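Quick caveat, the model's predicted, so the values are computed rather than measured. Computed from heavy atoms alone, side chains included, the values below leave out hydrogens, waters and symmetry copies.
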There are 2 protein chains.
Amino acid sequence: MVSPRPTILDVARTAGVSSATVSRVINGAASVDKELSRRVRAAVRSTGYVPNAMGRSLRRGGTSQIAVVAPDAANPYFTQIISEVERIARGDHQSVTIAHTEDDLEIERECFAQLVGRHVSGVLLVPVHSTLTDLSPLTEAGIPVVLVDRWIEGANTDLVATDNLDAGRQAARHLHERGYRRPAVIGGPSQLRTTEDRVSGYLAAWREAGIELDETVVLRGDLQLESGAALMAQILAEGDADCVYVTNNRMSAGAFEAMRGRDDAPALLATDDDLWTRLVTPSVSVVHQPVRATSRAAARMLGQRIANPDEEPSTTLLRSKIIERESTQRGRRPRTDGSWTPRDAGHASS
Amino acid sequence: MVSPRPTILDVARTAGVSSATVSRVINGAASVDKELSRRVRAAVRSTGYVPNAMGRSLRRGGTSQIAVVAPDAANPYFTQIISEVERIARGDHQSVTIAHTEDDLEIERECFAQLVGRHVSGVLLVPVHSTLTDLSPLTEAGIPVVLVDRWIEGANTDLVATDNLDAGRQAARHLHERGYRRPAVIGGPSQLRTTEDRVSGYLAAWREAGIELDETVVLRGDLQLESGAALMAQILAEGDADCVYVTNNRMSAGAFEAMRGRDDAPALLATDDDLWTRLVTPSVSVVHQPVRATSRAAARMLGQRIANPDEEPSTTLLRSKIIERESTQRGRRPRTDGSWTPRDAGHASS
DNA sequence: CGTTGATCAGGAAACGTTTACCGGCACGAT
DNA sequence: ATCGTGCCGGTAAACGTTTCCTGATCAACG
């Protein structure tokens, strides 16, 4: 049905030269006679030849593929990393492959083996677990790894992440400065270092500000929207807190939803500058994670680590920043000016 | 620095057998003596052998990689397709590579050539352009292609998309049933078939309902948020329309933003069930595109097309559905119950 | 006991490319 | 005129795997 694809030999025959010359013309390495070069290029066009990447990689001893491995496609870093790393990869004639580990160590392990077998030139990794993820298959195979967002115990590879401890401190300071004094916080699973650091920083900053805290101010969810809603409902029911910091984006949305229509709601400080936070009423103040900058830094770092494998691994921490909106302002009544009403259709004339 | 990776020959030597036997054990095809098989497996473990995918693909004459090609990572289909196709790919021991065309025909062309060279086993494609995208490099190389979301003129490949004409009609009917009579619509660039079909369906349904329309009811934006905001501002300034249908998600958010704080705003019917539409006040009725179902159908279809390349291409159209919220309800006053106020911090005791 | 058939392991070729090596040719210098 | 040098093109090997084909061993059957 489909004619067999032309190989370099077909091109060579058509141009009346050897395969070596064709290769030289294609890769532009050595100098080739003008006339021959012209004939070769013509033959490439006329045969529709496209170099076989498998043969090439086999001979060259390495692919030019960069792998991006993340727990899931919903991870906010994922698409950002993808577009950043693609930009860099395209310039370097590399391609990008991806894999999702679905937060499963076994899948992650298997995935590493595949990447080793495929001789990828580098890996951007958001690991599943801080202690149980085992990088050694990759590192022993000499594959450069850059960790993104999550740290791995004892790994000496590059790391690019946000300074979550600092993010938590900034959150606490922001709320304290605005006069709030009875904080609560919705954290993630205690093994997850990112959210845990945010919680720690938050608590530390409140204590430094002279506020006594008992352990009941920390509630832990599973990062999903529903869990944020449930925990916020609990906070509302207890009625103790006057401000709540939510440490991830999905739970932030849930928390906001649980507060709708409540007059006695505490101030809300959410995480991630997602679209909804500026569209809702009242608009929601957020701790903005520098995802774009992080992704870009990670992609760059991998690029230079591939070019230069034997340098010392480095750690880059990027700072979050607070975007202040209405939800943490004192005494604001956004409901009187922040919403609109669909015009009554009855007024319409046809 | 890094020890060379073991090859199948190292394993063979260690186990005292030939490379052929090792290959047979690994691939589990032919039957091998129990004892030898045991020795081979032991040797694989002790050497840390991982098969070289390049050698394998070269010999087998094909990789097991599925490519996903989309204009940009922000495309709502992108992450959905990724996770669906990955699920299928993993079961089939395939991996997934991606490429973004950045809405650039030249990049898309180059990308196709790469995929041909890499002998990918199939491509899921959201094409850049309905008429200018040229699939022939892929099809001539015998690579199965499934188009997602966007149609290509004259291509006889599989297509999975949403029925946009129907989506537009549903939008019009929804608004008409609720008593609105002076419609407007914010469309995309007229070459973009998806939004254009929605606009056409919308206009057709209004006309069928006996409403006279002139051409001024259609405004065209560039799909970005800012453009939606600008066009909605224009509609508000003219004050003619009593309801507005916005044909893509980004412009929908912009349109909503432009309506905030306006008492005389028309009803809003947006596109895509994004998170913000249910969190804002008033919540926004939407035409929900079945992205998940579409992605899943596309991934399945590619799977079976790879398994079975010579069947007739098919077209699958999935229906949208309307999710009714507050923004298209008559006479609703959501501002009185849809928003909340951060508690005044002054009330707090330390 | 001999022959046939089945089963299974090994040798070697093949996939398509790059590149080390070699040889030939042209040109310049002595 | 002859030799040396340098440039450039071709030949062939090599990358690591799979698989065809062959040969050997063994069992069963005539």
Whole angstroms only, please: what is the [atom1]-[atom2] distance between [X] and [N]?
{"X": "Arg60(B)", "N": "dT17(D)", "atom1": "CZ", "atom2": "C1'", "value": "9 Å"}
{"X": "Arg5(B)", "N": "dG16(D)", "atom1": "CZ", "atom2": "C1'", "value": "13 Å"}
{"X": "Leu9(A)", "N": "dT11(D)", "atom1": "CG", "atom2": "P", "value": "11 Å"}
{"X": "Leu58(A)", "N": "dC15(C)", "atom1": "CG", "atom2": "C1'", "value": "9 Å"}
{"X": "Arg118(A)", "N": "dC15(D)", "atom1": "CZ", "atom2": "P", "value": "23 Å"}
{"X": "Asn27(A)", "N": "dT19(C)", "atom1": "CG", "atom2": "C1'", "value": "11 Å"}

Per-nucleotide protein contact string for nucleotides 4-14 of chain C, where B marks a base within reach and S marks sugar-phosphate only (heavy atoms under 4.0 Å, - for neither): ----SBBB-BB

Pairs satisfying salt bridge (charged side-chain N to carboxylate O under 4.0 Å, His left out), at least one member in residues 49-73 of chain B, at least two apart: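 Listed by first then second residue: nothing to list.
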
Interatomic distance, Met301(A) atom CE to Ile88(A) atom CD1 [nearest 0.5 angstrom]: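 Spacing of CE (Met301(A)) from CD1 (Ile88(A)) equals 11.0 Å.
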
Members of residues 38-57 of chain A that approach DNA chain D, where some heavy atom sits under 4.0 Å away: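 Within residues 38-57 of chain A, no residue comes under 4.0 Å of DNA chain D.
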
Pair Arg109(B) + Asp134(B), salt bridge at N-O below 4.0 Å: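 The answer is no: the pair does not qualify as a salt bridge.
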
Note: Arg193(B)-Glu153(B) ion pair, threshold 4.0 Å (strictly below):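 Answer for the salt bridge query: no.
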
Side-chain donor or acceptor of Arg39(B) paired with backbone N/O of Ala15(B) under 3.5 Å: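 Pair found, side chain donor or acceptor close to backbone of Ala15(B).
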
Arg305(A) (side chain) donor-acceptor with Pro144(A) (main chain) under 3.5 angstrom: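 The answer is no, because no donor-acceptor pair under 3.5 Å joins these two groups.
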
Criterion side chain to side chain donor-acceptor pair (under 3.5 Å) on Thr133(A) and Glu108(A), from CA distance to verdict: CA-CA 8 Å; Thr133(A) 289; Glu108(A) 190 180 52; 2.8 Å; yes

For Ser19(B), the option from Thr7(B), Leu9(B), Asp10(B) that meets side-chain contact (heavy atoms from CB on, under 4.5 Å):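 The passing option is Leu9(B).
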
Please write out the pairs of protein N or O atoms and N or O atoms of nucleotides 4-6 of chain D separated by less than 3.5 Å, giving the distance to one decimal.
none

Between the first and last five pairs of the helix from dC1(C)-dG30(D) to dT30(C)-dA1(D), the angle of the axes, rounded to 10 degrees: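 Inter-axis angle at the ends, rounded: 60°.
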
Using a distance-only test with no angle check, is there a side-chain donor-acceptor pair under 3.5 angstrom linking [X] and [Y]?
{"X": "Gln94(A)", "Y": "Ser121(A)", "value": "yes"}
{"X": "Arg41(A)", "Y": "Ser37(A)", "value": "yes"}
{"X": "His129(A)", "Y": "Arg150(A)", "value": "no"}

Pairs meeting criterion side-chain hydrogen bond (donor to acceptor under 3.5 Å, both in side chains) with involvement of residues 293-303 of chain A, two or more places apart: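 Sorted result for residues 293-303 of chain A: Glu84(A)-Arg296(A).
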
Glu102(A)/Arg90(B) under salt bridge (Lys or Arg N to Asp or Glu O under 4.0 Å): CA gap, chis, key distance, verdict: CA-CA 12 Å; Glu102(A) 298 180 12; Arg90(B) 197 191 315 288; 3.3 Å; yes

